[in-house]
Asker: 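Quick one: the structure is below, questions incoming.
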2 protein chains.
Amino acid sequence: MVKVDKSTEKTILEAAKRVFHERGLAGARMQQIADEAGINKALLHYYFRSKDQLFKAVFAAALATVIPQINEIFDADLPLFEKIRTFADRYTILLMQNPYLPGFIIQEINNNPNFANDYLTSEIRPNPEKLLVQIRKEAEAGNIIAVNPLQLVISLLGLCVFPFIAAEMIKGVTGVTSEQFNRLMEERRKYVPEFVINAIKPRP
Amino acid sequence: MVKVDKSTEKTILEAAKRVFHERGLAGARMQQIADEAGINKALLHYYFRSKDQLFKAVFAAALATVIPQINEIFDADLPLFEKIRTFADRYTILLMQNPYLPGFIIQEINNNPNFANDYLTSEIRPNPEKLLVQIRKEAEAGNIIAVNPLQLVISLLGLCVFPFIAAEMIKGVTGVTSEQFNRLMEERRKYVPEFVINAIKPRP
DNA sequence: GTCTATAGCCAGATAGAC
DNA sequence: GTCTATCTGGCTATAGAC
(Lines give C-alpha, C1' and ligand atoms only; values in the text may rest on other atoms or scores of the structure.)
Protein backbone atom coordinates (compact mmCIF):
# COMPACT_ATOMS: atom_id res chain seq x y z
CA MET A 1 0.00 0.00 0.00
CA VAL A 2 1.20 3.46 -0.85
CA LYS A 3 2.26 5.50 2.13
CA VAL A 4 -0.09 8.37 2.75
CA ASP A 5 -0.32 11.00 5.40
CA LYS A 6 -2.32 9.17 7.98
CA SER A 7 -1.50 7.64 11.33
CA THR A 8 0.32 4.32 11.24
CA GLU A 9 -2.22 2.80 13.56
CA LYS A 10 -5.04 3.59 11.16
CA THR A 11 -3.06 2.25 8.23
CA ILE A 12 -2.46 -0.99 10.10
CA LEU A 13 -6.09 -1.34 11.04
CA GLU A 14 -7.22 -0.88 7.48
CA ALA A 15 -4.74 -3.43 6.16
CA ALA A 16 -5.63 -5.84 8.95
CA LYS A 17 -9.30 -5.39 8.16
CA ARG A 18 -8.78 -6.35 4.53
CA VAL A 19 -6.72 -9.41 5.35
CA PHE A 20 -8.81 -10.67 8.26
CA HIS A 21 -12.04 -10.13 6.35
CA GLU A 22 -10.68 -12.18 3.48
CA ARG A 23 -8.95 -14.97 5.36
CA GLY A 24 -10.31 -15.05 8.88
CA LEU A 25 -8.27 -15.13 12.07
CA ALA A 26 -6.60 -18.49 11.53
CA GLY A 27 -5.95 -17.96 7.83
CA ALA A 28 -4.54 -14.44 8.04
CA ARG A 29 -0.79 -13.85 8.13
CA MET A 30 0.89 -11.02 9.98
CA GLN A 31 3.37 -10.78 7.12
CA GLN A 32 0.58 -10.11 4.63
CA ILE A 33 -0.93 -7.46 6.87
CA ALA A 34 2.46 -5.80 7.18
CA ASP A 35 2.95 -5.92 3.41
CA GLU A 36 -0.46 -4.42 2.72
CA ALA A 37 0.19 -1.71 5.25
CA GLY A 38 3.60 -0.99 3.72
CA ILE A 39 5.45 -1.61 6.97
CA ASN A 40 7.15 -4.55 8.67
CA LYS A 41 5.94 -7.18 11.10
CA ALA A 42 7.72 -5.75 14.11
CA LEU A 43 5.67 -2.61 13.88
CA LEU A 44 2.45 -4.54 14.02
CA HIS A 45 3.52 -5.93 17.36
CA TYR A 46 4.69 -2.56 18.52
CA TYR A 47 1.19 -1.18 18.00
CA PHE A 48 -1.00 -4.16 18.82
CA ARG A 49 1.17 -6.51 20.89
CA SER A 50 -0.16 -9.72 19.29
CA LYS A 51 -2.10 -11.10 16.36
CA ASP A 52 -4.95 -11.86 18.69
CA GLN A 53 -5.24 -8.32 19.94
CA LEU A 54 -5.04 -6.91 16.44
CA PHE A 55 -7.81 -9.25 15.45
CA LYS A 56 -9.91 -8.23 18.43
CA ALA A 57 -9.60 -4.61 17.38
CA VAL A 58 -10.69 -5.40 13.83
CA PHE A 59 -13.55 -7.59 14.97
CA ALA A 60 -14.83 -5.03 17.45
CA ALA A 61 -14.68 -2.39 14.73
CA ALA A 62 -16.70 -4.64 12.46
CA LEU A 63 -19.41 -5.07 15.07
CA ALA A 64 -19.33 -1.35 15.78
CA THR A 65 -20.02 -0.43 12.17
CA VAL A 66 -23.03 -2.67 11.83
CA ILE A 67 -24.78 -3.17 15.17
CA PRO A 68 -25.53 0.43 16.13
CA GLN A 69 -27.04 1.05 12.71
CA ILE A 70 -29.28 -1.97 13.09
CA ASN A 71 -30.38 -0.95 16.56
CA GLU A 72 -31.11 2.56 15.45
CA ILE A 73 -33.65 1.31 12.95
CA PHE A 74 -34.99 -1.38 15.26
CA ASP A 75 -35.73 1.35 17.80
CA ALA A 76 -36.90 4.04 15.40
CA ASP A 77 -40.29 5.59 15.95
CA LEU A 78 -41.82 4.36 12.70
CA PRO A 79 -44.87 2.36 11.72
CA LEU A 80 -43.97 -1.28 11.12
CA PHE A 81 -44.10 -1.28 7.32
CA GLU A 82 -42.01 1.89 7.14
CA LYS A 83 -39.54 0.34 9.52
CA ILE A 84 -39.23 -2.75 7.36
CA ARG A 85 -38.65 -0.60 4.28
CA THR A 86 -36.08 1.55 6.01
CA PHE A 87 -34.27 -1.42 7.47
CA ALA A 88 -33.97 -3.35 4.21
CA ASP A 89 -32.90 -0.27 2.31
CA ARG A 90 -30.30 1.04 4.74
CA TYR A 91 -28.95 -2.35 5.71
CA THR A 92 -28.52 -3.43 2.10
CA ILE A 93 -26.64 -0.24 1.35
CA LEU A 94 -24.40 -0.84 4.34
CA LEU A 95 -23.65 -4.36 3.16
CA MET A 96 -22.95 -3.26 -0.40
CA GLN A 97 -20.30 -0.99 1.06
CA ASN A 98 -18.94 -3.78 3.28
CA PRO A 99 -19.65 -7.03 1.49
CA TYR A 100 -17.15 -9.11 3.47
CA LEU A 101 -18.54 -8.06 6.81
CA PRO A 102 -21.30 -10.61 7.38
CA GLY A 103 -19.20 -13.59 6.38
CA PHE A 104 -16.37 -12.37 8.54
CA ILE A 105 -18.53 -11.90 11.61
CA ILE A 106 -20.42 -15.16 11.21
CA GLN A 107 -17.25 -17.14 10.61
CA GLU A 108 -15.50 -15.87 13.69
CA ILE A 109 -18.54 -16.24 15.90
CA ASN A 110 -18.77 -19.88 14.93
CA ASN A 111 -15.08 -20.39 15.67
CA ASN A 112 -15.24 -18.60 19.02
CA PRO A 113 -18.12 -19.93 21.10
CA ASN A 114 -17.31 -17.35 23.72
CA PHE A 115 -17.80 -14.35 21.49
CA ALA A 116 -20.88 -13.11 23.32
CA ASN A 117 -18.82 -12.51 26.46
CA ASP A 118 -15.80 -11.31 24.55
CA TYR A 119 -17.45 -8.72 22.36
CA LEU A 120 -21.05 -7.89 23.22
CA THR A 121 -21.22 -4.88 25.51
CA SER A 122 -24.34 -3.05 26.56
CA GLU A 123 -23.93 -0.58 23.68
CA ILE A 124 -22.61 -2.96 21.04
CA ARG A 125 -25.28 -5.62 21.15
CA PRO A 126 -28.16 -6.19 18.75
CA ASN A 127 -31.36 -5.38 20.55
CA PRO A 128 -34.50 -6.41 18.69
CA GLU A 129 -36.72 -6.08 21.78
CA LYS A 130 -38.65 -3.00 20.72
CA LEU A 131 -39.21 -4.36 17.22
CA LEU A 132 -40.41 -7.69 18.60
CA VAL A 133 -42.96 -5.91 20.77
CA GLN A 134 -44.07 -3.76 17.88
CA ILE A 135 -44.64 -6.85 15.73
CA ARG A 136 -46.60 -8.57 18.45
CA LYS A 137 -48.86 -5.56 18.88
CA GLU A 138 -49.51 -5.21 15.17
CA ALA A 139 -50.41 -8.88 15.01
CA GLU A 140 -52.76 -8.57 17.98
CA ALA A 141 -54.40 -5.54 16.38
CA GLY A 142 -54.91 -7.56 13.21
CA ASN A 143 -52.82 -5.22 11.10
CA ILE A 144 -50.60 -8.14 10.10
CA ILE A 145 -51.23 -11.85 10.18
CA ALA A 146 -50.37 -13.86 13.27
CA VAL A 147 -46.64 -14.55 13.37
CA ASN A 148 -43.95 -15.48 15.82
CA PRO A 149 -42.14 -12.11 15.97
CA LEU A 150 -38.73 -13.73 16.29
CA GLN A 151 -39.31 -15.72 13.10
CA LEU A 152 -40.18 -12.54 11.29
CA VAL A 153 -37.09 -10.69 12.48
CA ILE A 154 -34.84 -13.61 11.58
CA SER A 155 -36.47 -13.72 8.16
CA LEU A 156 -35.98 -10.03 7.51
CA LEU A 157 -32.34 -10.25 8.54
CA GLY A 158 -31.77 -13.36 6.47
CA LEU A 159 -33.31 -11.87 3.36
CA CYS A 160 -30.95 -8.91 3.61
CA VAL A 161 -27.78 -10.66 4.71
CA PHE A 162 -27.84 -14.05 3.04
CA PRO A 163 -27.06 -12.92 -0.53
CA PHE A 164 -23.86 -11.29 0.70
CA ILE A 165 -22.85 -14.33 2.70
CA ALA A 166 -23.49 -16.55 -0.30
CA ALA A 167 -22.20 -14.12 -2.92
CA GLU A 168 -19.35 -16.27 -4.17
CA MET A 169 -21.56 -19.32 -4.34
CA ILE A 170 -24.22 -17.38 -6.25
CA LYS A 171 -21.68 -16.05 -8.70
CA GLY A 172 -20.05 -19.44 -9.16
CA VAL A 173 -23.34 -21.20 -9.81
CA THR A 174 -25.28 -18.70 -11.88
CA GLY A 175 -22.36 -17.12 -13.66
CA VAL A 176 -23.40 -13.56 -12.81
CA THR A 177 -20.51 -11.11 -12.73
CA SER A 178 -19.70 -8.92 -9.76
CA GLU A 179 -21.32 -6.01 -11.55
CA GLN A 180 -24.51 -7.93 -12.23
CA PHE A 181 -24.48 -9.07 -8.64
CA ASN A 182 -24.36 -5.48 -7.48
CA ARG A 183 -27.33 -4.61 -9.65
CA LEU A 184 -29.16 -7.54 -8.11
CA MET A 185 -28.47 -6.18 -4.64
CA GLU A 186 -29.53 -2.74 -5.75
CA GLU A 187 -32.83 -4.22 -6.87
CA ARG A 188 -33.09 -6.02 -3.55
CA ARG A 189 -33.34 -2.77 -1.62
CA LYS A 190 -36.93 -2.51 -2.81
CA TYR A 191 -37.62 -6.18 -3.47
CA VAL A 192 -37.03 -7.41 0.06
CA PRO A 193 -39.30 -5.03 1.97
CA GLU A 194 -42.20 -5.48 -0.45
CA PHE A 195 -41.68 -9.24 -0.26
CA VAL A 196 -41.85 -9.18 3.54
CA ILE A 197 -44.79 -6.79 3.70
CA ASN A 198 -46.74 -8.91 1.24
CA ALA A 199 -45.99 -11.96 3.31
CA ILE A 200 -47.49 -10.54 6.49
CA LYS A 201 -50.25 -8.24 5.20
CA PRO A 202 -53.66 -9.74 6.00
CA ARG A 203 -55.89 -10.81 3.12
CA PRO A 204 -59.44 -9.58 2.94
CA MET B 1 -13.10 -41.30 20.04
CA VAL B 2 -13.79 -44.85 21.09
CA LYS B 3 -12.45 -47.43 18.68
CA VAL B 4 -15.25 -49.26 16.94
CA ASP B 5 -15.34 -51.87 14.28
CA LYS B 6 -15.30 -49.70 11.21
CA SER B 7 -12.72 -48.92 8.59
CA THR B 8 -9.97 -46.57 9.65
CA GLU B 9 -10.57 -44.41 6.62
CA LYS B 10 -14.19 -43.85 7.59
CA THR B 11 -13.21 -43.11 11.17
CA ILE B 12 -10.71 -40.53 9.98
CA LEU B 13 -13.22 -38.90 7.67
CA GLU B 14 -15.77 -38.57 10.43
CA ALA B 15 -13.27 -37.06 12.84
CA ALA B 16 -11.97 -34.73 10.11
CA LYS B 17 -15.50 -33.68 9.32
CA ARG B 18 -16.16 -32.68 12.92
CA VAL B 19 -12.93 -30.72 13.25
CA PHE B 20 -13.01 -29.01 9.83
CA HIS B 21 -16.66 -28.09 10.24
CA GLU B 22 -15.90 -26.47 13.56
CA ARG B 23 -12.62 -24.74 12.76
CA GLY B 24 -12.32 -24.48 9.00
CA LEU B 25 -9.30 -25.47 6.93
CA ALA B 26 -6.83 -22.97 8.36
CA GLY B 27 -7.98 -23.37 11.97
CA ALA B 28 -8.09 -27.16 12.05
CA ARG B 29 -5.15 -29.16 13.45
CA MET B 30 -4.12 -32.58 12.22
CA GLN B 31 -3.31 -33.49 15.82
CA GLN B 32 -6.88 -32.82 16.90
CA ILE B 33 -8.26 -34.88 14.04
CA ALA B 34 -5.95 -37.74 15.00
CA ASP B 35 -7.02 -37.48 18.64
CA GLU B 36 -10.72 -37.49 17.77
CA ALA B 37 -10.20 -40.47 15.50
CA GLY B 38 -8.27 -42.28 18.22
CA ILE B 39 -5.17 -42.72 16.06
CA ASN B 40 -1.95 -40.83 15.44
CA LYS B 41 -0.99 -38.14 12.97
CA ALA B 42 1.18 -40.39 10.81
CA LEU B 43 -1.82 -42.48 9.94
CA LEU B 44 -3.70 -39.48 8.66
CA HIS B 45 -0.92 -38.89 6.16
CA TYR B 46 -0.79 -42.56 5.30
CA TYR B 47 -4.45 -42.46 4.25
CA PHE B 48 -4.79 -38.95 2.84
CA ARG B 49 -1.26 -37.81 2.01
CA SER B 50 -1.77 -34.21 3.20
CA LYS B 51 -4.02 -31.95 5.21
CA ASP B 52 -5.15 -30.37 1.99
CA GLN B 53 -6.27 -33.61 0.45
CA LEU B 54 -8.05 -34.67 3.62
CA PHE B 55 -9.84 -31.36 3.59
CA LYS B 56 -10.79 -31.75 -0.05
CA ALA B 57 -12.36 -35.11 0.74
CA VAL B 58 -14.37 -33.63 3.60
CA PHE B 59 -15.44 -30.61 1.60
CA ALA B 60 -16.51 -32.68 -1.39
CA ALA B 61 -18.51 -34.91 0.92
CA ALA B 62 -20.22 -31.86 2.38
CA LEU B 63 -21.25 -30.63 -1.07
CA ALA B 64 -22.36 -34.14 -1.99
CA THR B 65 -24.74 -34.39 0.97
CA VAL B 66 -26.50 -31.13 0.24
CA ILE B 67 -26.42 -30.27 -3.46
CA PRO B 68 -28.05 -33.38 -4.94
CA GLN B 69 -30.92 -33.05 -2.48
CA ILE B 70 -31.45 -29.45 -3.47
CA ASN B 71 -31.37 -30.26 -7.16
CA GLU B 72 -33.79 -33.12 -6.74
CA ILE B 73 -36.40 -30.75 -5.37
CA PHE B 74 -35.54 -27.97 -7.79
CA ASP B 75 -36.20 -30.40 -10.63
CA ALA B 76 -39.18 -32.22 -9.15
CA ASP B 77 -42.36 -32.37 -11.14
CA LEU B 78 -44.47 -30.37 -8.70
CA PRO B 79 -46.61 -27.26 -8.84
CA LEU B 80 -44.70 -24.23 -7.62
CA PHE B 81 -46.33 -23.85 -4.21
CA GLU B 82 -45.91 -27.54 -3.49
CA LYS B 83 -42.29 -27.30 -4.52
CA ILE B 84 -41.71 -24.40 -2.17
CA ARG B 85 -43.30 -26.32 0.69
CA THR B 86 -41.30 -29.44 -0.04
CA PHE B 87 -38.07 -27.54 -0.39
CA ALA B 88 -38.38 -25.60 2.86
CA ASP B 89 -39.45 -28.69 4.76
CA ARG B 90 -36.82 -31.10 3.49
CA TYR B 91 -33.98 -28.60 3.42
CA THR B 92 -34.67 -27.46 6.98
CA ILE B 93 -34.64 -31.07 8.14
CA LEU B 94 -31.35 -31.63 6.37
CA LEU B 95 -29.84 -28.58 8.05
CA MET B 96 -31.11 -29.56 11.48
CA GLN B 97 -29.21 -32.79 11.02
CA ASN B 98 -26.09 -30.97 9.76
CA PRO B 99 -26.15 -27.55 11.38
CA TYR B 100 -22.46 -26.81 10.76
CA LEU B 101 -22.70 -27.51 7.07
CA PRO B 102 -23.77 -24.14 5.67
CA GLY B 103 -21.26 -22.15 7.66
CA PHE B 104 -18.51 -24.56 6.72
CA ILE B 105 -19.27 -24.41 3.01
CA ILE B 106 -19.72 -20.66 2.91
CA GLN B 107 -16.57 -20.02 4.89
CA GLU B 108 -14.38 -22.12 2.67
CA ILE B 109 -15.87 -20.79 -0.53
CA ASN B 110 -15.06 -17.29 0.57
CA ASN B 111 -11.50 -18.29 1.42
CA ASN B 112 -10.96 -20.17 -1.85
CA PRO B 113 -11.98 -18.00 -4.80
CA ASN B 114 -11.26 -20.91 -7.09
CA PHE B 115 -13.73 -23.27 -5.49
CA ALA B 116 -16.05 -23.39 -8.51
CA ASN B 117 -13.32 -24.99 -10.60
CA ASP B 118 -12.03 -27.12 -7.74
CA TYR B 119 -15.29 -28.66 -6.62
CA LEU B 120 -18.25 -28.09 -8.90
CA THR B 121 -18.65 -30.99 -11.30
CA SER B 122 -21.53 -31.54 -13.68
CA GLU B 123 -23.31 -33.69 -11.09
CA ILE B 124 -22.33 -31.82 -7.94
CA ARG B 125 -23.47 -28.34 -8.89
CA PRO B 126 -26.61 -26.50 -7.81
CA ASN B 127 -28.86 -26.15 -10.81
CA PRO B 128 -31.80 -23.82 -10.28
CA GLU B 129 -32.54 -23.52 -14.01
CA LYS B 130 -35.75 -25.51 -14.10
CA LEU B 131 -37.10 -23.75 -11.01
CA LEU B 132 -36.25 -20.35 -12.48
CA VAL B 133 -38.19 -21.17 -15.63
CA GLN B 134 -41.10 -22.47 -13.62
CA ILE B 135 -41.25 -19.24 -11.62
CA ARG B 136 -41.10 -17.13 -14.75
CA LYS B 137 -43.98 -19.05 -16.31
CA GLU B 138 -46.15 -18.80 -13.21
CA ALA B 139 -45.53 -15.08 -13.11
CA GLU B 140 -46.41 -14.71 -16.79
CA ALA B 141 -49.56 -16.71 -16.24
CA GLY B 142 -50.49 -14.39 -13.41
CA ASN B 143 -50.52 -17.16 -10.82
CA ILE B 144 -47.96 -15.28 -8.78
CA ILE B 145 -47.01 -11.64 -8.77
CA ALA B 146 -44.27 -10.37 -11.08
CA VAL B 147 -40.87 -11.18 -9.63
CA ASN B 148 -37.30 -11.58 -10.70
CA PRO B 149 -37.04 -15.38 -10.40
CA LEU B 150 -33.46 -15.25 -9.18
CA GLN B 151 -34.46 -12.92 -6.34
CA LEU B 152 -37.14 -15.36 -5.31
CA VAL B 153 -34.81 -18.35 -5.30
CA ILE B 154 -32.18 -16.47 -3.33
CA SER B 155 -34.87 -15.45 -0.87
CA LEU B 156 -36.14 -18.97 -0.38
CA LEU B 157 -32.62 -20.27 0.16
CA GLY B 158 -31.77 -17.46 2.53
CA LEU B 159 -34.87 -17.96 4.63
CA CYS B 160 -33.96 -21.61 5.08
CA VAL B 161 -30.21 -21.33 5.51
CA PHE B 162 -29.63 -18.06 7.31
CA PRO B 163 -30.84 -19.10 10.77
CA PHE B 164 -28.32 -21.93 10.79
CA ILE B 165 -25.51 -19.72 9.64
CA ALA B 166 -26.38 -17.17 12.30
CA ALA B 167 -27.31 -19.69 14.98
CA GLU B 168 -24.62 -18.70 17.48
CA MET B 169 -25.35 -15.03 16.99
CA ILE B 170 -29.07 -15.61 17.51
CA LYS B 171 -28.46 -17.62 20.65
CA GLY B 172 -25.99 -15.10 22.02
CA VAL B 173 -28.27 -12.15 21.43
CA THR B 174 -31.69 -13.52 22.34
CA GLY B 175 -30.60 -15.96 25.01
CA VAL B 176 -32.50 -18.88 23.50
CA THR B 177 -31.02 -22.26 24.38
CA SER B 178 -30.01 -24.83 21.80
CA GLU B 179 -33.18 -26.73 22.54
CA GLN B 180 -35.36 -23.67 22.04
CA PHE B 181 -33.46 -22.93 18.87
CA ASN B 182 -34.28 -26.39 17.55
CA ARG B 183 -37.95 -25.84 18.26
CA LEU B 184 -37.73 -22.57 16.37
CA MET B 185 -36.27 -24.38 13.37
CA GLU B 186 -38.94 -27.04 13.68
CA GLU B 187 -41.55 -24.29 13.49
CA ARG B 188 -39.74 -22.83 10.52
CA ARG B 189 -40.42 -25.89 8.38
CA LYS B 190 -43.98 -24.64 8.02
CA TYR B 191 -43.40 -20.95 8.64
CA VAL B 192 -41.01 -20.33 5.76
CA PRO B 193 -43.05 -21.81 2.90
CA GLU B 194 -46.25 -20.07 3.99
CA PHE B 195 -44.31 -16.85 4.33
CA VAL B 196 -42.95 -17.14 0.81
CA ILE B 197 -46.23 -18.21 -0.73
CA ASN B 198 -48.02 -15.31 0.92
CA ALA B 199 -45.39 -12.97 -0.41
CA ILE B 200 -45.90 -13.96 -4.04
CA LYS B 201 -49.58 -14.88 -4.16
CA PRO B 202 -51.53 -12.27 -6.12
CA ARG B 203 -54.09 -10.19 -4.33
CA PRO B 204 -57.60 -9.98 -5.70
C1' DG C 1 -1.47 -50.85 8.82
C1' DT C 2 0.00 -48.63 12.80
C1' DC C 3 3.20 -46.72 15.76
C1' DT C 4 7.26 -43.38 17.79
C1' DA C 5 10.46 -40.11 16.82
C1' DT C 6 12.02 -36.41 14.33
C1' DA C 7 12.91 -33.48 10.30
C1' DG C 8 11.93 -29.08 8.35
C1' DC C 9 9.44 -25.18 7.77
C1' DC C 10 6.71 -21.38 8.76
C1' DA C 11 4.67 -17.84 11.44
C1' DG C 12 4.28 -15.07 15.67
C1' DA C 13 6.95 -12.64 18.66
C1' DT C 14 11.18 -10.17 20.44
C1' DA C 15 15.98 -7.86 20.69
C1' DG C 16 18.36 -4.23 19.69
C1' DA C 17 20.29 -0.76 16.27
C1' DC C 18 19.04 3.61 14.34
C1' DG D 1 8.65 5.06 15.73
C1' DT D 2 10.61 2.14 12.50
C1' DC D 3 13.79 -1.04 10.90
C1' DT D 4 16.70 -5.81 10.32
C1' DA D 5 17.81 -9.92 12.26
C1' DT D 6 16.69 -13.71 14.99
C1' DC D 7 14.48 -16.66 18.40
C1' DT D 8 11.03 -20.00 19.55
C1' DG D 9 7.19 -22.84 19.26
C1' DG D 10 4.05 -25.33 16.80
C1' DC D 11 2.52 -27.66 12.90
C1' DT D 12 2.73 -30.54 8.63
C1' DA D 13 4.99 -34.15 6.90
C1' DT D 14 8.26 -38.12 6.70
C1' DA D 15 11.55 -41.96 8.22
C1' DG D 16 11.81 -46.12 9.90
C1' DA D 17 10.72 -49.81 13.48
C1' DC D 18 7.25 -53.24 14.39
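Below, chain A is the first sequence line, B the second, and so on; all start at residue 1. Everything numeric in this text was worked out from a predicted model, so none of it was measured. These values consider heavy atoms only, across backbone and side chains, with no hydrogens, waters or symmetry-generated copies.
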Asker: What are the atom names and distances for every N/O pair under 3.5 Å that joins the protein to nucleotides 3-7 of chain C?
Answerer:
unit_1 : atom_1 : unit_2 : atom_2 : d
C:dC3  : OP2    : B:N40  : ND2    : 3.2
C:dC3  : O5'    : B:N40  : ND2    : 2.8

Asker: Are B:E82 and B:R85 close enough for a salt bridge, meaning some N to O gap below 4.0 Å?
Answerer: yes

Asker: Closest approach of A:Q32 and A:R23, non-hydrogen atoms and distance?
Answerer: OE1-NE, 3.1 Å

Asker: Counting only heavy atoms and a strict 4.0 angstrom limit, can you tell me which residues of residues 108-115 of chain A come near DNA chain D?
Answerer: none

Asker: Considering every strand and a 4.0 Å limit on heavy-atom distances, what is the contact class for B:A34: base, sugar-phosphate, or nothing?
Answerer: nothing

Asker: Calculate the interatomic distance between A:Q32 atom CD and C:dG12 atom P; express it in whole Å.
Answerer: 11 Å

Asker: For the residue pair B:Q31 and B:D35, confirm or rule out a side-chain donor-acceptor distance under 3.5 Å.
Answerer: yes

Asker: Rounded to the Å, how far apart are A:E9 CD and D:dT2 C1'?
Answerer: 15 Å

Asker: Rounding to a whole Å, what distance do you find between A:L44:CG and C:dT14:C1'?
Answerer: 13 Å

Asker: Of the residues in residues 45-57 of chain B, which ones touch DNA chain C at a heavy-atom distance under 4.0 Å?
Answerer: B:Y46, B:Y47

Asker: Apply salt bridge (charged side-chain N to carboxylate O under 4.0 Å, His left out) to A:R125 and list each qualifying residue two or more places apart in sequence or on a separate chain.
Answerer: none

Asker: Tell me which donor-acceptor pairs under 3.5 Å the side chains of residues 144-151 of chain B have, and how far apart each pair is, sequence neighbours excluded?
Answerer:
unit_1 : atom_1 : unit_2 : atom_2 : d
B:N148 : OD1    : B:L150 : N      : 3.0
B:N148 : ND2    : A:E187 : OE1    : 3.0
B:Q151 : OE1    : A:R188 : NH1    : 2.7
B:Q151 : NE2    : A:L184 : O      : 2.9
B:Q151 : NE2    : A:E187 : OE1    : 2.9

Asker: Which residues pass the side chain to side chain donor-acceptor pair (under 3.5 Å) test with B:E129, not counting sequence neighbours?
Answerer: none

Asker: Can you see which heavy atom on B:P126 is nearest to which on A:V173, and at what distance?
Answerer: O-CG1, 3.3 Å

Asker: In what stems does DNA chain D take part, counting only runs of at least 3 consecutive Watson-Crick or G-U pairs whose two distances fall under 3.5 Å?
Answerer: C:1-18 with D:1-18

Asker: Nearest whole Å is fine: how far is C:dA11 C1' from A:L25 CG?
Answerer: 13 Å

Asker: Any ring-ring contact (aromatic ring centres under 6.0 Å, His included) pairs touching residues 8-28 of chain B, not counting sequence neighbours?
Answerer: B:F20-B:F55, B:H21-B:F104

Asker: List for me each residue that meets salt bridge (charged side-chain N to carboxylate O under 4.0 Å, His left out) alongside A:D52, sequence neighbours excluded, and say none if there are none.
Answerer: A:K56

Asker: Run the salt bridge (charged side-chain N to carboxylate O under 4.0 Å, His left out) test against B:R29 and tell me which residues pass, sequence neighbours left out.
Answerer: none

Asker: Rounded off to whole Å, could you give me the CZ-to-C1' distance for the B:R29 and D:dG9 pair?
Answerer: 12 Å

Asker: Which pairs, with at least one residue in residues 161-187 of chain A and sequence neighbours excluded, count as a ring-ring contact (aromatic ring centres under 6.0 Å, His included)?
Answerer: none

Asker: A side-chain contact here means heavy atoms from C-beta on lying under 4.5 Å apart; do A:L54 and A:K51 qualify?
Answerer: no

Asker: Could you tell me how far apart B:D35 (CG) and D:dG10 (P) are, to the nearest whole angstrom?
Answerer: 15 Å

Asker: Only distances under 3.5 Å count here; give the side-chain donor-acceptor pairs of residues 113-123 of chain B to other protein atoms, sequence neighbours excluded, each with its distance to 0.1 Å.
Answerer:
unit_1 : atom_1 : unit_2 : atom_2 : d
B:N114 : OD1    : B:N117 : ND2    : 3.1
B:T121 : OG1    : B:E123 : N      : 3.3
B:T121 : OG1    : B:I124 : N      : 3.0

